[in-house]
Every structure is written in C-alpha cells, then in structure tokens.
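Data block below; observations after.
Letters A, B, ... are given to chains in the order of the sequence lines, protein chains preceding strands, and every chain is numbered from 1.
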Amino acid sequence: MAANQSRSVAVSLRQVCRYFGDVRAVDRVDLDIYDGEFFSLLGPSGSGKTTCLRLIAGFEQSTSGSILLHGQEVAGVPPYDRDVNTVFQDYALFPHMSVGENVAYGLMIRKVPKDERNRRVREMLDLVRLSGMENRRPTQLSGGQRQRVALARALVNQPRVLLLDEPLGALDLKLRQQMQVELKAIQQQVGITFIFVTHDQEEALTMSDRLAVFNHGRIEQIGTPAEVYERPTTEFVAGFVGTSNLLKGDTATRLMGSAQTVAIRPEKIRIYAPGEIIDTGMVQANGTIKEIIYLGMHNKYLVSLDNGDELTVVQQNLDALSAVNSIGRGHAVQLAWARASAHPLNPAGGSK
Amino acid sequence: MAANQSRSVAVSLRQVCRYFGDVRAVDRVDLDIYDGEFFSLLGPSGSGKTTCLRLIAGFEQSTSGSILLHGQEVAGVPPYDRDVNTVFQDYALFPHMSVGENVAYGLMIRKVPKDERNRRVREMLDLVRLSGMENRRPTQLSGGQRQRVALARALVNQPRVLLLDEPLGALDLKLRQQMQVELKAIQQQVGITFIFVTHDQEEALTMSDRLAVFNHGRIEQIGTPAEVYERPTTEFVAGFVGTSNLLKGDTATRLMGSAQTVAIRPEKIRIYAPGEIIDTGMVQANGTIKEIIYLGMHNKYLVSLDNGDELTVVQQNLDALSAVNSIGRGHAVQLAWARASAHPLNPAGGSK
Amino acid sequence: MRSNLETPRSPLALKLAAGCSLLFLHVPLCIIILYAFTTEEAAFTFPPPGLTTQWFSQLANRGDFWESLWLSIAVATTATLVAMILGTLLSLALYRSNFFGRDAISLLVILPIALPGIVTGIALRSAISLTGAQFTFWTIVIGHATFCIVTVYNNVIARLRRTAHSQVEASMDLGASTWQTFRYIILPNIATALLAGGMLAFALSFDEVIVTTFTAGQQRTLPIWIFDQLTRPRDRPVTNVAAVFVIAVTFIPILLSYRLTASTRE
Amino acid sequence: MRSNLETPRSPLALKLAAGCSLLFLHVPLCIIILYAFTTEEAAFTFPPPGLTTQWFSQLANRGDFWESLWLSIAVATTATLVAMILGTLLSLALYRSNFFGRDAISLLVILPIALPGIVTGIALRSAISLTGAQFTFWTIVIGHATFCIVTVYNNVIARLRRTAHSQVEASMDLGASTWQTFRYIILPNIATALLAGGMLAFALSFDEVIVTTFTAGQQRTLPIWIFDQLTRPRDRPVTNVAAVFVIAVTFIPILLSYRLTASTRE
C-alpha cells in the first residue's frame, strides 16, 4: 500500500501559493503525488486543502509557483482542458438531467458516439452499483446514491487523476463508513490516481496510501498513514491526527532524559498497579487516576502525574462488562511505555 | 454515576404518541427520567428523539398518552408555563440583542429586579467561561461561544429540567469533544436534570448517566452506557451503538451451541496464531485474514471464517510502529472470545 | 422529525384583521366584474337591478376595441422578447461580477422600475424628440422595454444566485466550454425563472398607461382606449367588460409566473 | 478556503451587452435632469444651448406646485402608515398559516399589485360612488393603500420567512407570552424590512397617477400637477424641474430601503 517512490509523478506542486487579498490560503506548498496513488489532503477547515484541490482542477489560479500534471505545466489551462475530473462536496449534479444524462454529460460534450456513450454509462453505473437507475432524477436519490452518481460522472471520462472534495462529508456515520470501503475498492479497481480532501483524520488514515497534513495553508507533514500517526513531526500533527500526550520541559527531561518535546499516544501507555514489576526497558511514571470515561470499545483514563501534569491513557475493553473495572477513580497507578513509542517533535514545528 | 432508582422522577412519559398525518414520529413511548440525571435520547435522524424533546418542552402536543413533569400532567400547558428550558440545535440566539441581553431575557420577562438580573447573568457567564463578553453580539462569537451563550440563557432561569437538542452538532470534532467535557462538568455543578438529544453514540456513551435508544419512533433500549453497549437487546442497538458482529443460525449453533442470534463486539475477539493453545473456556473459531485496516489507535481485521461468514476484529496498537504487523493479509488465524462477551439478542427485537 | 405542520396558530384577532385587509384589497375587483353584467347603462346602484351579457357582444362589435387589443398584445410581446434577451444578458454579466460592487450595479438596474412612470414618460419623449424620430409602434416598445428588462433581470438573477455555482464548475470540469455550459446547464436552470419574468413583463406592459401616453403617436393601446372610453358615461358597462379583459390578460401570465417560481420562493 | 472572489469572469461580449442595456435604462433619466437646466423655454435641442438654474426659482414661486407637493407627501405618508400596520398584520397572520394553502393566500395578497392601475382606479371609483361618499383626501389614501399594503407585506413576509422560527420558540421557552414575543423578538427582527417596505410604499404612492385620477376629487397630487403642466409647452423646463423633485423624493426612500434589505437579499 505504501507509495512506490519510483512510480511516475501524476501531480506535482512546486512552491505553489494562492493568496486572497491578505489571506494566504495556500502558502509555498511542495507536493508530489504518484500515479495510481490514493492521496489525501487532510486538515481543519480553512487550512488550504480545498484551495489546493481547486488549483489542481483549474477553478483557481495560483498566485505563484508551478503546478504540473504528468509533467506538463498547467498555469492558465482552463478546467475543461485538464485531464482531471472532480467529485464535488455538494455533488453538483445537474438537477434537470436524469442520472444517465448526468453520467453521460462529459461523453456528450466530447462527442463520443451514442452507442459507446450508453455502453460506458452502463458500465460506470454497474461499477457504482446503480444499475437500472438511469432514468431517475437526482432529487429522487438518497445522499449516498447521489454521491455515487457524482463519482460515476467523473470516472466515466477516464481521467488520469480524480479529485474528491470531501465527498463523504454530507453522509451520516454508518453510510460514510460504508462509502469509504466502496470508494477505496473502486479506486483499486480502476487504478486512477485519487486526490482526496478531508478534515476527518480517521477517514484519511483508513483510505490513503499517503497523506499530507495541512495547517494555515502549509503542509506540516507528508507520509503514509502509519508514518504520520506513529511519527508526527509537529505538535499540530500530533494533536490533529488522533490525540497525543505531549511531554514538555521538566517532565520530558525527568522521564525521557531530554527537554525536547515528545508526543505519546494514549493507547501506547500501559497501566500497572502500584508495586507491580515493570520491564526496565520501559519509561515509567507514577500517578493517580483522576477520571475514567467509558467509551464502549475502550476506557479513557485521565491520570495526574505526581508533578501535576495530566496524561490520557486509552485501554481497550477486552472483557465482557469491562466498564466495571478494578482500577477506580482516585487510585494510585504506575504508567509505563516503550521508549520508542514517545516520538520527539520537530522543535521548529511552526504551529500553535 | 448510575441512576439511583429511588430518586424522584423528573420527567415521565406514559404511552406517548405523536403522529404527523400517517407518520408515527413518536410511538407509544414509556420513559422515566430521574431528578439530577444526565439522560440522553440517542437515535438516527427521524427516529423521534427530537420530537420527544419537543413534546416535553411543549412545542408539540402529543396525539395520545400523558407527559408528567415532576408528577404534574402538562398536556395543553404552553411552553412559557413549563419549568423546563431548552438549548436549541441552532442555538436560536436573538441576533438583535447582546450576549448579556440574551442571557437576561428570561429574567427580564419574569420581571426579576435589575440588580439581581445583572448578578445572575454575570454568574452564569462565569459558569460558561464567557465573562466580559456581555456586550458582544451573537454574530461576533465563534460556534462554541454561541453554544455557551445558549446554555447560559437556558440555565439562568434555574429550570428543574434542561432540554438540549443536539447542542454540539454544529461544532467540529475537537471543539465538540471539549464541549462534551465542559457540559458534563456544568451539569454536575448545577445538579439540574439534563435531557440530551444526540445521534452520536460516542457522545451519548461519554456523557450520559443513562440513555434511551430510539428507532422508528420507539424506544429500543434504556440503560446505562455500559448496559446498552455491553448488553444490547436488539440488532438495531447492537449495530447503532458501536459496531457488532452478529452470529446467526448455523454459525451461532456451531460456535455458541444455540441458534439464537448473538452479538459480539470486535474488540472482545482475540487473534491467535494457528496451533497456539487457547483457554478452553473460550469460544474458538478458525479463519483467514481478508483485510487489515490501519486506524492509528487500532487495527481493524476483517476475518473470513471457514464457513464464509466474516467477522470484524479490532486490536489496539500497543507498540510503536504497530502498523507493521506480524499478522498479514491472507494468513490463517484462530479467533477466540469469552462466552460472556457474546450477548444474545432479543429475537422479537422489532427492527430491520 | 421536527415538524412545522402544526405549531401554535395565529391568535383570532390577527386572523380577523388579516381577513379584513384581504377583503379590502379584493372588493374593488369584484365590483368591476359584477358591473360588467349590470343591466344599467350609466348610473350604478347596488345591488345591480339585473344581470345581462349584452355588453360583451356590444364590445365585440367595436372595431376600435379590437384594434387597441391587438396593438397592446403586439407591443407587450415585442417588449417582452427584447427584455428577455437583454435581461438575461444583464443578469449573466452581473451575477458573480464584483466590479465596483455588485450591489451598486444591481441597484442601477433596479432603479428604472422605481422611476416614476411620469418621469420615464417625459424623459423618453424628450429623448425621442431629440433624435427627431416619429412616435411609432417601436417607440412604445422602447418605452415598455425599460421596465420589462428590470422584471426579467430580477427574476433571472434571483434564480442564478440560487443555482449552485458548483454546477457550472462541474460542467467546465467535464469538458464543456463557456457556451456549452450556458446552453446545457445555465439555460435549463434559469428557464422557468426567465419564463416567469417574461410573463410578468408582458402583464406590466399590457397594463401600462403613463409611459404609453408619452411614447405613442396616434396609436391607442387597450388601457388608453379604456381611458378614452371613460369620457363617454353611456359606455360604462362596455368599459367594464374591457377592464375584465385586461384583468384576464394580466392575471393569467401572473398566475403562471407565480407557479413557475414557486420553488424559488421557498 | 473555497473562495468565489476571483472565478473566471464573464466574456467581454456579455459585458458589452450589459453595459449597453444599462445605458439604455439610464439615458432618459440623464436627459430629464439635463433639460431641467436648459436655457430654452419650449423647444429642445441637443446639446442645450446653455445652462441656467432660473427654473428652480420660478418653480419655487408657484403656489400650486407647493400645494400639490404637500398633498402628495400627506397622502403618501398616511397611506404608508396604514399599509405598515395592515401589511404587518397580514404577514404575521399568513406566515406559518396553512389554511387552504399558504401559497393561495399569498397570491391573494399579491394580486392587487398586479391589478392594472386603470382597473383598480375604475373599480375604486365605482365602489366609492356606490357608498355615496365624496372624493376627498381619504379616498386617495384608500386607493393608494391597496398597493402599499402589498409592498409592505412582501417585505415583511420575506424577512419573517428568513427569521429562524426557533427564535420564537426560544422566547416562549424562556417564559414570554405571544405578545411579549412579538414585542421583543419578532418586531426587532422585522424592523428594517418593515421600514424598507414602508419606504417603497411611500415612493410608489408618491408617483401614482392613474389610481389618483380616479379616487381624487379636485385635489391634485404632484404627478397630476406635472401631467397638467404638460399641456403648457412654455412651462416645460419648470416641469422638468418638478420631475427632478419627484425623482429625488422617490429615489431617496428606495435607496434607503435597498440598504435596509441588503442582508435579506444575500
């Protein structure tokens, strides 16, 4: 699943900036996306990820820098001359056309003969599991079905790159999870490069081959899901992709032997009873359980360390009725984690 | 935190129905909510939870059945004569009034003297951490701040019951999590009964003392978070509150010794290598890993059983870089779980 | 499941006041229709002493009535067509434009409808006189086009603003040029609004008196014919019948346009 | 970060067409203002041989002008006040009402504005004659109120529909009665729309000619004064000055109302 660095580059951004007046929506972004990759642009709203996508689609023009599609500079090339297609956040289906006409639109514009057009529309509707829906109107469809029509309409043109702008944002949780699986399967089937914009870190981790984490118009980190989650380079990434405990200053020095800030994931910390013997290779800390929050699949413990710092620990509920736990609020505990689980952050990581 | 059955009842619904034409929005609902409880109404959209709240507030009139507030029947009592206050989903702040005027509105209507009014508004703004914001306009506030104003405006009247209609729905993930903690803390501080409508099962589990799961206008289950999560009584609850593996028919008979459908949570299943010795008290099954999905905090395994059924298993990533796992796709594995972890579902559980 | 179907109703007093206001607005209309059937020739008494349809056949025999009617229809049709083309162009140009403030431009378009008819009339007459042109069918059309354009513009721009711009982007993204996007996406989207605007424009033009008196030569549109009729008291019932005609020709397009824009309103 | 600030602009041809249309709409206005300053008395040549402000002082000395102006202002003010009260009542009663279809009722309110002025005029004159009343200041007010109510209603109901109903529920929830909710929540919410509607109504009333001719006795409002003036060609520049007055009195409230409803439009 990891990106193969020797593959050819599909989309390349070089020092791309896009300013709206004083607002630096996209600020000196460098990015290489490989052919056939499922690549996510992840970030909070206003972080520049959507503007980046719109720059690639041609809906926005960059203020400076260069954008290459398969090696070709595309500055000034209008959207209709770029070999990319977009799945819009609001789907942007044409309400006055049937599902079939929506999907056929790009082929009609390109004057593909009627027979071939019909065949390809049918194939595409099969792919997105909407066979037989050709004659429905978009308003007669559910949210998930509309999403699939939008996907089919973009894919039928066989673009080399597909851009997806938070396509699952409008769906509810269960449907979103189902569409994540489907979308990923379709991408593997058609083999097209997918560039996927999302603000949902779990979605980005689940679906992507690689992802870029955006903040304030800049990219904070690029890597595979595991690289980004397990080795965040900045505080922002550590906090935005999952949750992290940050050990700073004195606490970091005392526990880790260096004042450099480190991030440690709540699920990497184990809880031991006082006096229990812990592997000496582990980093150890003593504390008191301040709060236990039951979350069904796991419990979240808020533990006060002796120096007043607070750590969050997550433990999977392995046993039936594990809500009733032997470790109660106010109990003293020992915490321990593998030294390798605590990842040092880039001190220059420029975000708040 | 669990409900104390001997406490006095704050809100009581007896066979309450609310039909809109042919649509049974609320269908024969029985419910007792105790004084001082944090009670959630959980369900998908259209399940009747919000209508239920609006019946209690007095914005809707029930078609049949009776609603009691602290033992008093409230049929026909207009909203302004009920001792409950509501926090609206869209906050419903008055845009032409300052924050202070918004919060003071209920007191002004009740002709509370100006001095006391100012004092109570100030106290309330302190409680929701908005001191000094009295003179701002709602439009100058962020989403989270507006939410707090709406909360203060409802609480300042010292109602005996506070109704909250998906108050956190419009906030983004991080802010929502923060507000969940704050809201729970405020409820514990003021000691008022909170009735909280949400479609987010994690939110309901985190915050509630007890919750009711709605589906198609009916209540499927009432209980503490642990009761509902660990012992779901219907397929709907097992699927809506967290995710469940359902073992049915032959598979259930072979593994569990009875054809009754059982639900088992993905995190209760352990994965063993083939040939590894498993405690005989455990239920065992053989299968093959079909897919591994990396989710940061945990990995999700899709495992095909020998008879073709598929089970989902979740394992916490305890170790650094646990994305690189010893168990790969296509490997044969043994699965095992405690018999008590598989919970039999009510065969009459009336939902699809 | 939130429903607005049955929320507390308006108090009775409010309903009563509303009912009276409605009545007040509609009584005149009923009177004119009623007195198109009265058997009296000149004076009106209430209730009418008897009802008759003779005035309809009398009117049908008046050549000058038919002449005016056809002129009114021709003027309204031509002015409406001109307005539909120019109004659409205007709205397309101004929708999304932001040069010196979209609002300022929008106001510039809307002002002419607010221009008092008498002012428009004087101004147009002066302008046409200056060019030395004759007052013909076409000068009437030009006069009417001023306010018809605004009506079409208002309808079309409201629809354009409600049309998701992402549709336009999607069309371009799928390979369509600007013209193709207009043809296949924008035009179908604004079609009903354009039609509704056109119908309103037709109704406005058909009713216009003041601007017509200034821009017409010897031509008499139907409203002006009615105006002239009023100097002949014995023809009052015939005039009322003509007024019923005007009401009908005006209301039908307005009702249709109301239907067409129902989706835009809510 | 999606921005609509700088999307592909309209093609040049479209802009040109739009520019011409705008010009077409505004040339008459400029002409009338220009010829209020011409030194010629009767004939108009272009360009004017010279400019002067003498017509302004001439107009100021005409007692009949001032009389008409004050009458117009009095009529417009009264009709507007009546319309603001009845229009608000109507919109409150109909907003959220669903008895035999809100749309049908809404149409009943809107139709009178579509009623041709000449028809409204004839109908009102007949109705007033039937009651045996005199044609006074008040009959003019009644005539004008018909279309003023509609203007206020349209503005207020549009604002009401945009006001979150949850505000009303929140107010009731916090203990306010229906009347308190109106006083403290609804009224402030609709205030600017009500004011805007009132101003538009004022402008409409101030300009009205046709309905006034039918509902007035000997009274002459300003537009009718101007109309009468036109029969005296030597007074043309004075008439143009009066027209500029009408334009000013009309445009100021329209501009203000446009400002007030800016938030409702977008």
Side-chain angles (χ1 to χ4, degrees), chain B residues 20-21 50 53-54 56-60 77-98 101-112 117 121 124 137-139 146 149-159 161-167 170, chain D residues 1-2 84 88 91-93 95-103 155-198 256-257 259-266:
Chain B
F20 297 112
T50 294
L53 197 79
R54 291 171 60 80
I56 298 170
F59 302 135
E60 305 276 356
V77 176
Y80 45 85
D81 286 335
R82 298 191 184 195
D83 194 10
V84 300
N85 283 123
T86 307
V87 177
F88 291 83
Q89 183 166 18
D90 63 357
Y91 314 142
L93 298 183
F94 306 132
H96 56 289
M97 296 183 187
S98 69
E101 287 164 345
N102 263 283
V103 177
Y105 187 77
L107 301 177
M108 180 200 74
I109 293 291
R110 272 157 231 257
K111 301 200 168 46
V112 172
R117 208 195 293 170
V121 168
M124 228 6 96
R137 293 266 151 181
T139 47
R146 278 181 222 184
V149 176
L151 188 63
R153 186 178 67 178
L155 282 175
V156 78
N157 304 295
Q158 301 170 335
V161 177
L162 188 75
L163 308 175
L164 301 103
D165 184 9
E166 308 219 21
Chain D
M1 275 328 312
R2 172 172 304 197
M84 282 171 82
T88 304
S91 55
L92 285 175
Y95 149 75
R96 303 184 69 74
S97 128
N98 62 337
F99 72 101
F100 74 94
R102 186 177 66 186
D103 259 22
N155 271 271
V156 172
I157 201 144
R159 179 67 59 87
L160 278 176
R161 284 183 183 155
R162 288 176 70 99
T163 302
H165 186 64
S166 60
Q167 279 188 50
V168 173
E169 288 185 346
S171 171
M172 308 274 268
D173 187 66
L174 293 165
S177 65
T178 309
W179 167 248
Q180 286 173 318
T181 300
F182 174 74
R183 167 77 187 75
Y184 295 119
I185 306 302
I186 297 178
L187 198 56
N189 262 300
I190 64 172
T192 53
L194 181 58
L195 214 57
L256 286 175
S257 84
R259 261 289 147 92
L260 287 172
T261 55
S263 62
T264 315
R265 275 198 314 284
E266 201 69 17

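For the atom pair CE of Met172(D) and CG of Asp81(B), the computed distance is 10.0 Å after rounding to the nearest 0.5 Å. Between the CE atom in Met108(B) and the OH atom in Tyr184(D) there is a gap of 4.5 Å [rounded to 0.5 Å]. In this structure, CD on Glu169(D) lies 9.5 Å from CG on Asp165(B), to the nearest 0.5 angstrom. Put simply, OH on Tyr80(B) and CG on Asp173(D) are 12.5 Å apart, with the number rounded to the nearest 0.5 Å.
Looking at Ala170(D), the atoms closer than 4.5 Å to chain B (heavy atoms on both sides) sit in the backbone and in the side chain alike. Using a 4.5 Å cut-off between heavy atoms, Asn85(B) contacts chain D through both its backbone and its side chain. For chain D, the nearby parts of Phe94(B) are the backbone and the side chain; heavy atoms of each come within less than 4.5 Å. Of the atoms belonging to Leu93(B), it is backbone heavy atoms, and not side-chain ones, that fall under 4.5 Å from chain D.
In terms of heavy atoms, Met97(B) sits closest to Ile185(D) at CE-CD1, 3.8 Å. Listed here is the closest heavy atom pair of Ile109(B) and Gln180(D): CG2-OE1, 3.7 Å.
Chosen from Pro159(B), Ala154(B), Pro79(B), Ala150(B), the residue pairing most often with chain D at heavy-atom distances under 4.5 Å is Pro79(B). If you tally non-hydrogen atom pairs under 4.5 Å between each of Thr163(D), Thr181(D), Leu174(D), Val168(D) and chain B, the highest count goes to Leu174(D).
By the 4.5 Å heavy-atom criterion applied to side chains, Gln167(D) and Pro95(B) are counted as neighbours.
Atom CZ of Arg183(D) has 12 or fewer neighbouring heavy atoms from other residues, nucleotides or ligands inside a 6.0 Å radius.
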